[in-house]
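Keep in mind it's a predicted model, so treat the numbers as computed, not measured.
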Amino acid sequence: MAAEGIKQRYYLPAGMPVPDPARSASFHHGFWEAARRHELVVQRCRACANFQFGPEEICYKCHGFDLHWERIEPGGRIFSWERIWHSSNPVLKEAGPYVVVLVELPQAGNVRMLGNLLGDPKSDPPIGEKVEAVFEDHDEGYSLVQWRLVR
């Protein structure tokens, strides 16, 4: 985290690998484009109406190929979480601890999405607690989906 008295622009320090929608698989583009617009989307199959995340070229349920991105309300509940003290990425060596949450999205068939939980990294977020998406815009032209508790 940033030193006391110094405001940090991003939740985690600079130097992390940058998501590059132009180089990722084409079926990821819709997610990154929506995040830039501050919208949360989840992939959905037009054939069987199944929601899924992470994005794939094929439906997990019916194996159909007619998938699209569906906008959902940017909120859910904490299904699980972990406090990261020792990251495998050297850039994050001094950033710990930070909390990663697995968020269940009720508007999308309860699929789950990972993300950082903003706020006190030493607090224990309650399982089942409501969270909302926060979109962190980066100068490189992408936005990350982070989460914060709804109070």
Side-chain angles (χ1 to χ4, degrees), residues 1-46 50-57 60 67-151:
M1 297 294 129
E4 194 164 328
I6 299 172
K7 184 170 176 160
Q8 184 172 312
R9 183 168 179 194
Y10 303 126
Y11 179 66
L12 295 175
M16 295 289 298
V18 175
D20 185 357
R23 294 186 63 203
S24 66
S26 62
F27 52 88
H28 290 191
H29 290 187
F31 177 80
W32 292 111
E33 290 168 6
R36 262 199 329 242
R37 295 187 308 267
H38 293 195
E39 297 174 0
L40 188 63
V41 295
V42 176
Q43 206 174 35
R44 192 168 197 186
C45 178
R46 286 188 175 97
N50 183 58
F51 286 100
Q52 62 186 35
F53 195 86
E56 290 291 342
E57 293 182 274
Y60 299 162
L67 300 164
H68 70 283
W69 290 100
E70 188 160 316
R71 184 177 177 187
I72 63 168
E73 289 299 316
R77 295 189 178 276
I78 297 174
F79 181 82
S80 184
W81 63 273
E82 182 172 357
R83 182 173 294 109
I84 309 298
W85 289 91
H86 305 285
S87 174
S88 61
N89 188 312
V91 172
L92 297 176
K93 183 178 179 184
E94 302 299 323
Y98 57 95
V99 175
V100 175
V101 288
L102 183 60
V103 175
E104 195 166 63
L105 303 169
Q107 287 195 337
N110 291 324
V111 298
R112 298 175 189 141
M113 187 179 291
L114 282 172
N116 297 313
L117 181 65
L118 305 179
D120 182 1
K122 294 185 180 173
S123 68
D124 294 343
I127 301 298
E129 188 76 17
K130 288 183 180 181
V131 290
E132 63 185 355
V134 176
F135 298 90
E136 183 182 274
D137 299 325
H138 286 250
D139 292 337
E140 296 86 354
Y142 67 92
S143 296
L144 292 179
V145 178
Q146 313 277 17
W147 299 95
R148 74 171 161 223
L149 294 172
V150 175
R151 301 282 179 182

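- Taking the side chain as every heavy atom from C-beta outward, E136 and S143 never approach each other to under 4.5 Å.
- A distance-only check finds no donor-acceptor pair linking the side chain of H68 to the backbone of C45 [under 3.5 Å].
- Looking only at distances, no side-chain donor or acceptor of E82 sits under 3.5 Å from a matching main-chain atom of V101.
- Side-chain contact between D124 and W81: present, with at least one pair of heavy atoms (C-beta onward) separated by less than 4.5 Å.
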Worked check of side-chain contact (heavy atoms from CB on, under 4.5 Å) between I72 and V41: CA-CA 6 Å; I72 63 168; V41 295; over 6 Å; no

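- Not a single donor-acceptor pair under 3.5 Å links the side chain of R71 to the backbone N or O of L40.
- Using a 4.5 Å heavy-atom cutoff, the side chains of I84 and V100 are in contact.
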Chi angles and distances behind the side-chain hydrogen bond (donor to acceptor under 3.5 Å, both in side chains) call for Q107, E73: CA-CA 7 Å; Q107 287 195 337; E73 289 299 316; 5.0 Å; no

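- The backbone N or O of I78 sits nowhere less than 3.5 Å from a side-chain atom of R112 that would complete a donor-acceptor pair.
- Side-chain contact check for F31 versus F53: some heavy-atom pair is nearer than 4.5 Å.
- Counting only heavy atoms from C-beta outward, the side chains of F51 and E70 approach each other to under 4.5 Å.
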Working for side-chain contact (heavy atoms from CB on, under 4.5 Å), residues E132 and V150: CA-CA 6 Å; E132 63 185 355; V150 175; 3.9 Å; yes

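- In this structure, D137 does not pair ionically with R36, as no charged nitrogen and carboxylate oxygen lie closer than 4.0 Å.
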Verdict with reasoning, M113 to W147, per side-chain contact (heavy atoms from CB on, under 4.5 Å): CA-CA 10 Å; M113 187 179 291; W147 299 95; 3.9 Å; yes

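- Using a cut-off of 4.0 Å between Lys/Arg side-chain N and Asp/Glu carboxylate O, R77 and E129 are scored as not salt-bridged.
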